[in-house]
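Here's the structure, in structure tokens; my notes come after.
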Amino acid sequence: MINITLPDGTVRQYEKGASSMQIAQSISEGLARNVLAATVNGEVWDATRPIHQDATLRLHTWQDKEGKAAYWHSSAHLMAEALEALYPGIKFGIGPSIDNGYYYDVDTGDTHLTPADLPKIEEKMLELARLKNQYVRREVSKQEAVDFFVEKGDEYKLELLEGLEDGSITFYSQGNFTDLCRGPHIPDTGVIKAVKLTSLAGAYWRGDEKRKQLTRIYGITFPKAQELKDYLDLIEEAKKRDHRKLGTELELFMFSEKVGQGLPIWLPKGTQLRERLQNFLRAEQEKQGYQMVVTPHIGGKNLYVTSGHYAKYGADSFQPIHTPREGEEFLLKPMNCPHHCEIFGHRPRSYRELPLRIGEFGTVYRYEQSGELHGLSRVRGFTQDDAHIFCTVEQVKGEFLKVLELTQMVIRKMGFENFTAQISLRDPEKPEKYIGSDANWEAAEKAIIEATAEVDMVTTTAYGEAAFYGPKLDFMIKDALGRSWQLGTIQVDYNLPERFELEYIGADNQTHRPVMIHRAPFGSMERFISILIEHTAGKFPLWLTPDQFALLPISDRLIPYCEEIRQKLGEHDIRGFVDERTESIGRKIRDTELKRVPIMLIIGDKEAEAGHVSVRRQGQGDMGSMSIDEFITWFQTQL
RNA sequence: GCCAGUGUAGCUCAGUUGGCCAGAGCAGCUGAUUUGUAAUCAGCGGGUCGGGGGUUCGAAUCCCUCCACUGGCUCCA
């Protein structure tokens, strides 16, 4: 008999060799029907795999991450089976599960797959799924595995086998398909009820651009047709909110072929939004002791030779700008930190000045590969909400705390609920990769961990993800559709102070090297606004939106009265415009609704006589009539 | 940069075996209407069919090339 410990702490006894599935059955039939996989002693296994020793057991269903992963990974195998049936001789790369579904990289030889081929693959998958074939695990010797794929002529699997050790190799089969696979898999194909192949893309074998490009087929599957429908609806909704579409519709920004790809042009409304956001951030930062600076858009080549960026990125950057005579070379500013280092270094600094917080909404230019550009989220010219904090190692934690608090406050003010961070630390195996003393690293890493704990921030920790020059923290938010976005970072840097030979005079009258903290909590205005547009579907918070109200006169003769109201509201810092078009009121309301102006003030004779406005909120409808003063008071409550 | 796809009026899109002067809706302009909570009516203007080259009697349509955009891959100080 073996002892199985369940998550609630209860221990049950089973025959040696019982599977998770059998254990689930002993608990409840219903549970057993839903089991997709199980974690046995910390390792995710097939639910059907026999357990031969005492173990802790956690059963996975569609409701949890591991269950979904097994389900989608098994779906990838099902797709492979369908592909093999439809395209004999097809070769397979890798086929993992991903956050939303799975993909399989395939080499179809001379056949060329197009999106039109996907429906018939979906059909085949459903047909095979209905057979309820079991996923069968089998341990094989390396020789046996090699023989199998030599016979099959699949060089990709053979290459994968090269990296595997004999004795650790398993095959999984379902129906007529057998694959090299570590598993785990779901019990059988019967639970795969809804299938959608979402896209087709090229992907380099093993992610290496020098190697052959395979066809990657993305798909997603669900246990219920309704779930697939919900998922597709979500995709539709995301399409409607796409910031590129809304940015054009709301006239926030544009692109121009002549100006150049990846170089956003901010239109008046977008500029208003952006400036308002910047002013807000600037005011909050100044409260925290930041000092704003402005530095030029180009910098001498030597600046970047000193910073080390020239050696590392020079070849892949916009190339130097040359002066006509003197043979000087300048680079478009790809980041603000070297300039800020010069600010720190331009005169002797005392420890009394630390932490010195130098902030700048600095516009930087980076050469991004053309295929990488995407709306406002990936561009070649953008403005960072940047600042560099020069401080002592002891001050790092306090500064992290302040940045965390600032960021949390701002994010909440924007209407985001779900805010987390990833802490990136050294790879403990490879200390030689990093610059800076062990003691400093330990202190900084500890400071980051403690600071995030103090502000109750949900974090994940990634070892080996730190930059060579210091540990960092990346902010993540989830938007209204549940999608995760990476915002900005806070990074500790031991490297630049070294390269720029930055020093301050300590209380001991000796010179010391400051630590530098890079921080841009929102990353860039462009990217942040793209996220904000999609999160709010263009319905920005009232304080931030370009036009807060539109005055809609029912007849042209009421325009002067509307103008009066506009003036009066302007005196109270409430901004908006009068719709002076000779159109029906229905038309004016419709157009204003579509422009996402949050408040409509409808003015007819009744209102003009009474000195009232009739208030309508975008997306909500009529709020009734009130006096101008009542409206002003009500407006303040809406902010 | 690589693979695949797309590119017709300001926007959304018709226009597929190559063939009359390339169409629609919305937007715009002009006129009429002066309107009570999501589209008033009528008329008009607007396109080198992404750019260039080629095949052809004839190209939005076929071929080559360049550009931009979309989805991925690689990259991201």
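Any value given below was found using the heavy atoms of this structure, including those in side chains, with hydrogens, waters and symmetry copies removed. All values reported here derive from a predicted model rather than from experimental measurement. Sequence lines set the chain letters: A, B, ... in the order given, protein chains first and strands last, and positions in each chain run from 1.
- Regarding contacts with the backbone of B/C76, every side-chain N or O of A/R380 stays at 4.0 angstrom or more from both OP1 and OP2.
- Residue A/E501 places its CD atom among 12 or fewer non-hydrogen atoms of other residues, nucleotides or ligands, all under 6.0 Å distant.
- At a cut-off of 3.5 angstrom, counting only N and O atoms as typed in the model, there is a donor on one side and an acceptor on the other between the side-chain of A/Y204 and the base of B/G1.
- For the pair A/I559 CD1 and B/U35 P, the interatomic distance rounds to 13 Å; values are reported in whole Å.
- Here the side chain of A/I585 is nearest to one of B/G1, B/U35, B/A39, namely B/U35.
- For A/E563, the CD atom counts as densely surrounded, since its 6.0 Å shell holds more than 12 non-hydrogen atoms of other residues, nucleotides or ligands.
- Across the protein-nucleic acid pair, A/E368 atom CD and B/G72 atom P stand 16 Å apart, rounded to whole Å.
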Using nucleotides 40-43 of chain B, report all nitrogen or oxygen pairs with the protein that are shorter than 3.5 Å.
{"from": "B/U40", "atom 1": "OP1", "to": "A/R587", "atom 2": "NH1", "distance (Å)": "3.2"}
{"from": "B/U40", "atom 1": "OP2", "to": "A/S584", "atom 2": "OG", "distance (Å)": "2.6"}

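- We find that CG of A/L373 is positioned 11 Å from C1' of B/A68, with the value rounded to whole Å.
- Within the structure, a side-chain polar atom (N or O) of A/Q261 is placed less than 4.0 Å from OP1 or OP2 of B/C69.
- Take A/Y104 and apply the ring pair (Phe, Tyr, Trp, His ring centres under 6.0 Å) test, not counting sequence neighbours, and it matches A/F92.
- Aromatic pair A/F468/A/Y434: ring centres not closer than 6.0 Å.
- One cannot find a donor-acceptor pair under 3.5 Å joining the base of B/C3 and the side-chain atoms of A/R216.
- Rounded to whole Å, the distance from CD on A/E580 to C1' on B/U35 is 17 Å.
- Position along RNA chain B of the nearest nucleotide to A/D208 versus A/R366 favours A/D208 as the more 5'-ward residue.
- Side-chain atoms of A/S317 lie closest to B/A77 of the nucleotides B/A77, B/G71, B/A38.
- Of the two residues near RNA chain B, A/E593 and A/L214, the one whose nearest nucleotide lies more 5' is A/L214.
- Distance alone, capped at 3.5 Å, is enough to place a donor-acceptor pair between the A/D493 side chain and the A/N495 backbone.
- The NZ atom of A/K595 sits 20 Å away from the P atom of B/U37 (whole-angstrom rounding).
- Atom C1' of B/A77 sits at a distance of 49 Å from the matching atom of B/G25, rounded to the whole Å.
- The phosphate of B/G1 (OP1 or OP2) has a side-chain N or O of A/S370 nearer than 4.0 angstrom.
- Distance check on atom P: B/A38 versus B/A42 gives 22 Å, rounded to whole Å.
- To the nearest whole angstrom, the two P atoms, one in B/C20 and one in B/U61, are 13 Å apart.
- Residue pairs that meet the side-chain hydrogen bond (donor to acceptor under 3.5 Å, both in side chains) test with at least one member in residues 592-601 of chain A, sequence neighbours left out, are A/E593-A/R616.
- Checking B/A38, B/C73, B/A77 against the side-chain heavy atoms of A/P334 singles out B/A77 as nearest.
- Judged by the 6.0 Å and 45° rule, A/R216 forms a cation-pi pair with A/Y103.
- Nucleotide B/A77 holds its C1' atom 6 Å from the OH atom of A/Y469, rounded to whole Å.
- Distances were taken from every side-chain heavy atom of A/S199 (C-beta onward) to each of B/U34, B/G71, B/U35; the shortest belongs to B/G71.
- In summary, the aromatic rings of A/F522 and A/F528 are positioned with their centroids under 6.0 Å apart.
- Residue pairs meeting the salt bridge (Lys or Arg N to Asp or Glu O under 4.0 Å) criterion with at least one member in residues 228-237 of chain A, sequence neighbours excluded, are A/K229-A/D233, A/E236-A/K239, A/E237-A/K240, A/E237-A/R241.
- Residue A/Q369 places no side-chain N or O under 4.0 Å from the OP1 or OP2 atom of B/C75.
- Between the side chain of A/E526 and the backbone N or O of A/T383 there is at least one donor-acceptor pair closer than 3.5 Å.
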Nucleotide pairing, RNA chain B (Watson-Crick or G-U, distances under 3.5 Å), in dot-bracket with [ ] and |: (((((((..((((.....[...)))).(((((.......))))).....(((((..]....))))))))))))....

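- Rounded to whole Å, atom P of B/C29 lies 10 Å from atom CZ of A/R581.
- B/A9 and B/G18 have their C1' atoms separated by 24 Å, with the value rounded to a whole Å.
- Two residues are said to be in side-chain contact when any heavy atoms from C-beta on lie closer than 4.5 Å; A/W634 and A/M626 meet this criterion.
- A donor-acceptor contact under 3.5 angstrom links the side-chain atoms of A/R378 to the base of B/C75.
- Taking atom P on both nucleotides, B/A22 is separated from B/G50 by 15 Å, rounded to a whole Å.
- In this structure, A/F255 atom CZ and B/A68 atom P are separated by 13 Å, rounded to whole Å.
- Formation of a donor-acceptor pair under 3.5 Å by the A/Q548 side chain with backbone atoms of A/L542 is found in this model.
- Near RNA chain B, meaning a heavy atom under 4.0 Å away, the residues from residues 599-618 of chain A are A/I602, A/G604, A/D605, A/K606, A/E607, A/S614, A/R616.
- Using a 4.5 Å heavy-atom cutoff, the side chains of A/T489 and A/H518 are not in contact.
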